[in-house]
4 protein chains.
Amino acid sequence: MSQQQSSKTAEAGAREGDRRRTILRAAIDVFARKGYHGCRIADVAKEAGVAYGLVYHYFKNKDELLETVFDACWSGFFTRVQAISEGEGTLAQKLQRITDVVFEAFRVDPRAVKVLVVEVARSPVGRVNRQTAFSDTLKLCSDMLVRAQAAGELREDVDPRLSAMLLFGTIEMGFTSLVMGVVDTKDSDKLEQAKQQIASSFLQGVLTQEAVSEVSWKKEREKSATRPKVAKRS
Amino acid sequence: MSQQQSSKTAEAGAREGDRRRTILRAAIDVFARKGYHGCRIADVAKEAGVAYGLVYHYFKNKDELLETVFDACWSGFFTRVQAISEGEGTLAQKLQRITDVVFEAFRVDPRAVKVLVVEVARSPVGRVNRQTAFSDTLKLCSDMLVRAQAAGELREDVDPRLSAMLLFGTIEMGFTSLVMGVVDTKDSDKLEQAKQQIASSFLQGVLTQEAVSEVSWKKEREKSATRPKVAKRS
Amino acid sequence: MSQQQSSKTAEAGAREGDRRRTILRAAIDVFARKGYHGCRIADVAKEAGVAYGLVYHYFKNKDELLETVFDACWSGFFTRVQAISEGEGTLAQKLQRITDVVFEAFRVDPRAVKVLVVEVARSPVGRVNRQTAFSDTLKLCSDMLVRAQAAGELREDVDPRLSAMLLFGTIEMGFTSLVMGVVDTKDSDKLEQAKQQIASSFLQGVLTQEAVSEVSWKKEREKSATRPKVAKRS
Amino acid sequence: MSQQQSSKTAEAGAREGDRRRTILRAAIDVFARKGYHGCRIADVAKEAGVAYGLVYHYFKNKDELLETVFDACWSGFFTRVQAISEGEGTLAQKLQRITDVVFEAFRVDPRAVKVLVVEVARSPVGRVNRQTAFSDTLKLCSDMLVRAQAAGELREDVDPRLSAMLLFGTIEMGFTSLVMGVVDTKDSDKLEQAKQQIASSFLQGVLTQEAVSEVSWKKEREKSATRPKVAKRS
DNA sequence: CATGAATGAGAGTTCATTCAT
DNA sequence: CATGAATGAACTCTCATTCAT
């Protein structure tokens, strides 16, 4: 079920000298399939169609390999998000673009995205790089939200850092919905709708206008001191 | 001959025969501290102050132990959420209550919550029980949202299932913010604010009223066919 | 050729609970037979008739096992030599006793002695304990020689530290002669003679009285300044 | 793509085609520094500044490399010792000369000497060549001692073969003293003294004349039968 | 000759699981 | 029930050796 191209027939996808990339690719796949702890070097080698030891020719050890996997998956995402967050446009537009990037990434390389989703955001006792990368991206989004707040786009009563986290949570769970099959990824219409909903859920919430008013009105009486700005909006 | 000093947390709850609970408790703590894969049976036994092999008297194997830990942590949560979702009140109130439950759980037993959030909910290749429990809860929330939609509380353009997922994502990331220290858990004011923000973020989104109008206005011209209901409501 | 008492028939020599000693014994044997680098944990386990993992139950790792092997072999020797060197008697008597101890040790446990000879004295980049143990014993002998010098037993022109080293060299090579079969270890007369020769070689040298005179006489004329004390003796 | 900085000791002696010698030299150095088992082919190649695989052009395998290193180091020594032992002079003179050779060798190439002393002479499970070389040299010395005995220079009660071994032990431990720093190799006076002591220790022993008399006298009464010749000579 | 990528057999170590007491 | 010694499969990492270029 696994080794289609074994030993001597492996030249198909690894001709020149980019075995390194072959191995990395294989690592991403195995990683996505089995997770960090379930991913054994032997599996990666087999998946890549190379000898066991060769993995160690290109990567110092398992950790470095998986670190590299992570970097490879994350860096592209980070760069794009950075460009968007620091570029022109309203917060809503940026959010839309970020969601686009995410969905495009999923379309192009669902495994890589799965690695990010499953392993990175919520890694048990994350490795250094991952933590850093996560923090960096958090900072990025946090800054974006701070600017939006200054521009009057983001509600005043919202903590940008926490909000950035919640943004991650929303997007990540959006992914997970794709990965887990909650959303039908074959139907591009459904996919598009899901994309819209993820962005708008974070931006505008899920309530109807009427329900929002109701909330605000009750809030005003119950805890008027806590969230004055929101109350204003009713 | 070697480890005599294993009775640290032992005397507390290991009186008559509820060693089982002692072990379970220890397992939760160790899982929370080291994660599933980083946790050895030996660690659990030591933490519980019992003999190595005793763990296997009460639990068939490591997986069953994890399963039980999960059930123990999850069942209480599920019951409460069920009561709330099927009880009286507006969607917003229910959401508020669910968030309350979550935060209360965190206050009472942060480790158990951490296990649920970090280890169980997003475990690679989830075990049967977990998947089921997760699906059950998803259904619960999904139904709640369907009812809310029927009552005109939930926007019509929202898919309840996906929305239930996003709710999970928001709440879960809210947790993670606590666990990771993004939110200061010592300051009960900050904690209260965070709680409010998590609920309101999901319910009403993060945009200001003005920004929402802007979005809707642009949306109308750009993609008028896609989300007519939302546009209408501005 | 190796596993006489395999798997289930191994109770013979390892009944109660002193498996640890069984393993240590096996380690000594394998160590003596194959040396430090040639000695694999699998071999030790097989030799001891226990499971692979049990070795790690009793010893943290290979190094600790071999360190223990070394200590076990050396400590007895060190204690005896210490008692002798700090006890009563002339230097010659002490030397004789030390040689006796050495030969007795060889008679009782030739493998343990071989371990000491092959691995300890001349270990490549010796482990800490070994170096220390060696240094300690060197100090012991060195001190003994210093006292002998003060008592007029040891020649004045001899450096005690270097002399202690040479003593080691002589005794060690005496061992090696036994181990390598230069001396017939079956013939107890030959063995006794060898013992005498080793001690007397170090104490009185190998030259005849006449040859010694000759040397001293030539020395006097050639290098009179260098070794005046010796010259005196002609 | 990784280790370009491998040309440290390279340019020196790797001109035309004597790469072989370069590699051999490098092997000696690495052996001396890390010992046989601690030395990887990669290390040797790096030290020599040549490609990994080239080592295998010149040497069949690691063992042959070691063998060659050994031969290269030993043959010179053997030839010189042979010339001395079969040449003119008293035993004492020959011994002195041999010690001179040894010390000179150490002065010229301490690493090579270290390899011989530490790695080769006492290797566990010696290779054929080494055993042979060692035996040859032993025979050489043994014969020399037999002739000396015939000439009345060597005591009658001494077994020449064992004595040759002890000579090795003494000289070898003399080396070791240099290598281990027991003797200060910077101070040429100390070095000279050490050389004298090594030779004289073997030839005349370490006891003073008085102590020797004492030994012989006691010996006579205690074990009169065992060593009559020695006793006679006092 | 030269190169260094590729191979794969070991060896050490861990740890879930079993079992005799 | 309780204990912890015993087992051995699984996995990572190393490195001598080969081989295509």
Side-chain angles (χ1 to χ4, degrees), chain A residues 7-8 10-11 14 16-17 19-20 23 37-45 49-65, chain B residues 1-3 6 14 16-17 19-20 37-45 50-63 65, chain C residues 7-8 10-11 14 16-17 19-20 23 37-45 48-63 65, chain D residues 1-4 6 14 16-17 19-20 37-45 50-65:
Chain A
S7 56
K8 293 297 166 192
E11 301 96 352
E16 319 82 30
R19 302 288 269 264
R20 195 191 144 95
I23 292 170
H37 284 99
C39 165
R40 287 157 302 161
I41 296 292
D43 294 333
V44 173
V50 301
Y52 197 118
L54 196 60
V55 177
Y56 285 89
H57 193 73
Y58 290 109
F59 302 93
K60 203 167 112 273
N61 53 29
K62 192 180 171 183
D63 261 26
E64 191 188 285
L65 172 59
Chain B
M1 198 183 275
S2 45
Q3 312 125 273
S6 54
E16 320 83 30
R19 306 283 272 262
R20 192 188 148 95
H37 280 100
C39 143
R40 274 103 22 107
I41 293 291
D43 294 331
V44 174
V50 302
Y52 207 115
L54 197 60
V55 177
Y56 282 88
H57 257 284
Y58 291 108
F59 303 94
K60 202 168 111 272
N61 54 30
K62 197 181 169 184
D63 262 24
L65 178 58
Chain C
S7 55
K8 294 300 165 192
E11 300 97 351
E16 319 81 32
R19 300 289 266 265
R20 194 190 144 95
I23 293 170
H37 284 99
C39 163
R40 286 158 302 162
I41 296 292
D43 294 333
V44 174
V50 300
Y52 201 120
L54 196 61
V55 177
Y56 285 89
H57 192 75
Y58 290 108
F59 302 93
K60 203 167 112 274
N61 54 30
K62 191 180 171 182
D63 262 26
L65 171 59
Chain D
M1 197 184 276
S2 45
Q3 315 124 272
Q4 298 103 330
S6 55
E16 320 82 31
R19 305 284 269 263
R20 193 188 147 95
H37 281 101
C39 143
R40 274 101 25 105
I41 294 291
D43 294 332
V44 174
V50 301
Y52 207 116
L54 197 60
V55 176
Y56 283 87
H57 257 283
Y58 292 108
F59 303 93
K60 200 168 114 272
N61 53 32
K62 199 181 167 185
D63 263 25
E64 190 188 287
L65 177 58

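Throughout, protein chains are lettered first and strands after them, A, B, ... in sequence-line order, and every chain is numbered starting at 1.
Residue B:A51 places its side chain closer to F:dG4 than to any other of F:dT7, F:dG4, E:dT3. Considering only side-chain atoms of B:Y58, the nucleotide from F:dT12, F:dA2, F:dA16 that sits closest is F:dA2.
With a 3.5 Å limit on both pairing distances and Watson-Crick or G-U wobble geometry required, the stems of 3 or more pairs in DNA chain E span E:2-21 with F:2-21.
Counting to the nearest Å, the P atom of E:dA11 and the CG atom of C:L65 are 16 Å from each other. For the pair C:H37 NE2 and E:dG10 P, the computed distance is 18 Å after rounding to whole Å. F:dC1 atom P lies 13 Å from atom CZ of B:F59, rounded to whole Å. Whole-Å rounding puts the B:R40 CZ to F:dA10 C1' distance at 16 Å. Atom-to-atom, CG of A:L54 to P of F:dT14 comes out at 15 Å; the value is rounded to the nearest Å. The interatomic distance linking D:E64 (CD) with F:dA16 (C1') rounds to 14 Å, in whole Å.
Heavy-atom minimum distance, C:Y52 versus C:A45: CA-CB, 3.9 Å. Of all heavy-atom pairs spanning B:L65 and B:I41, the tightest one is CD2-CD1, 4.4 Å. Residues A:H37 and A:K62 come closest through the heavy atom pair O-NZ, 4.2 Å.
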What protein N or O atoms touch nucleotides 17-21 of chain E N or O atoms at under 3.5 angstrom, if any, and at what distances?
{"from": "E:dT17", "atom 1": "OP2", "to": "B:Y56", "atom 2": "OH", "distance (Å)": "3.1"}
{"from": "E:dT17", "atom 1": "OP2", "to": "B:K62", "atom 2": "N", "distance (Å)": "3.0"}

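Within the model, atoms CD of D:E64 and OH of D:Y56 stand 11.0 Å from one another, a figure rounded to the nearest 0.5 Å. One finds the CG atom of D:N61 at 11.0 Å from the CZ atom of D:F59 (value rounded to the nearest 0.5 Å).
The residue from D:H57, D:R20, D:R19 that alone fulfils the side-chain contact (heavy atoms from CB on, under 4.5 Å) condition with D:V50 is D:R19.
At the phosphate of F:dA6, OP1 or OP2 sits under 4.0 Å from a side-chain N or O atom of C:R19.
For the pair B:D43/B:R40, a side-chain contact is recorded, criterion being any heavy-atom separation below 4.5 Å from C-beta on.
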